[in-house]
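Along the sequence shown, the residues carry numbers beginning at 1. None of the values given here were measured: they were computed from a predicted structure.
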Amino acid sequence: MSKKTGSLLLIAIVIALVAVGYRYIHFRTTHAVSDAAFIKSDRLSTLAFKVGGKVIEMTKTANSPVKKGELLAKIDPVDFITAKEELQHRLHALTQKIGATKLQRVRLKKMLALQSEISGNDVSALRQSIASASMKIASAKTRLAKL
């Protein structure tokens, strides 16, 4: 194959890809794509719900005019009610856990204060024991010196 034929073939492929790309972009801007069918429309509108869920009632029909902020559908509230109750139970459990932790903290503070006092008393007793032992050693040395 000559260079001229290869170049022409390459240019033809590029032109074909540009044409296909243009047709695809034009199609996507003029048609709404859904899972079930292609819908041709003069203009596209983007619809979005603030939350997801199962639609239980549609308030508008196909091709009926819609104004901004108008209710289009009602969503089944059961999932949201269940989630709300679950969160309330978790909140209640966490509140109780916080209360229990606060009580445990108070108990631990008291226990630490008592332990600190007991340790202080033990230190004082040991110091007195050391002083007493020192006196006994001094007494023993004095007796040894006398002997």
Under 3.5 Å donor-acceptor pairs involving side-chain atoms of residues 100-107, not counting sequence neighbours:
{"unit_1": "Thr101", "atom_1": "OG1", "unit_2": "Lys97", "atom_2": "O", "d": "2.7"}

Q. What about Leu9 and Leu17, same hydrophobic cluster or not, with Ile/Leu/Val/Met/Phe/Trp/Tyr joined at side-chain heavy-atom distances under 4.5 Å?
A. yes

Nearest 0.5 angstrom please: [X] [atom1] to [Y] [atom2], how far?
X: Leu147; Y: Thr142; atom1: CG; atom2: OG1; answer: 11.0 Å
X: Leu108; Y: Gln115; atom1: CG; atom2: CD; answer: 11.0 Å
X: Lys109; Y: Leu112; atom1: NZ; atom2: CG; answer: 10.0 Å
X: Leu126; Y: Asn121; atom1: CG; atom2: CG; answer: 11.0 Å
X: Met111; Y: Ile118; atom1: CE; atom2: CD1; answer: 10.5 Å
X: Lys60; Y: Lys67; atom1: NZ; atom2: NZ; answer: 8.0 Å

Q: Verify, without hydrogens or angle tests, whether Ser124 (side chain) and Gly120 (backbone) share a donor-acceptor contact under 3.5 angstrom.
A: yes

(Q) Given 3.5 Å as the limit, does a donor-acceptor pair link the side chain of Thr29 with the main chain of Ile25, or not? (A) yes

(Q) Quick one, Arg90 with Leu87, criterion side chain to side chain contact (heavy atoms under 4.5 Å, CB included). Give me CA distance, side-chain angles, the key distance, then yes/no. (A) CA-CA 5 Å; Arg90 289 172 71 189; Leu87 288 174; 4.1 Å; yes

Q | Heavy-atom side-chain contact between Thr59 and Glu57 under 4.5 Å | A | yes

(Q) Could you tell me if the side chain of Met58 sits less than 4.5 Å from the side chain of Lys74, heavy atoms only? (A) no

Q: Return the minimal non-hydrogen interatomic distance between Thr5 and Ser2, and the atom names on each side.
A: OG1-OG, 3.0 Å

Q.
Tell me every residue that passes salt bridge (Lys or Arg N to Asp or Glu O under 4.0 Å) with Lys84, counting only those two or more places apart in sequence or in another chain.
A. none

Q) So, Gln88 versus His92: side-chain donor-acceptor pair below 3.5 Å or not? A) no

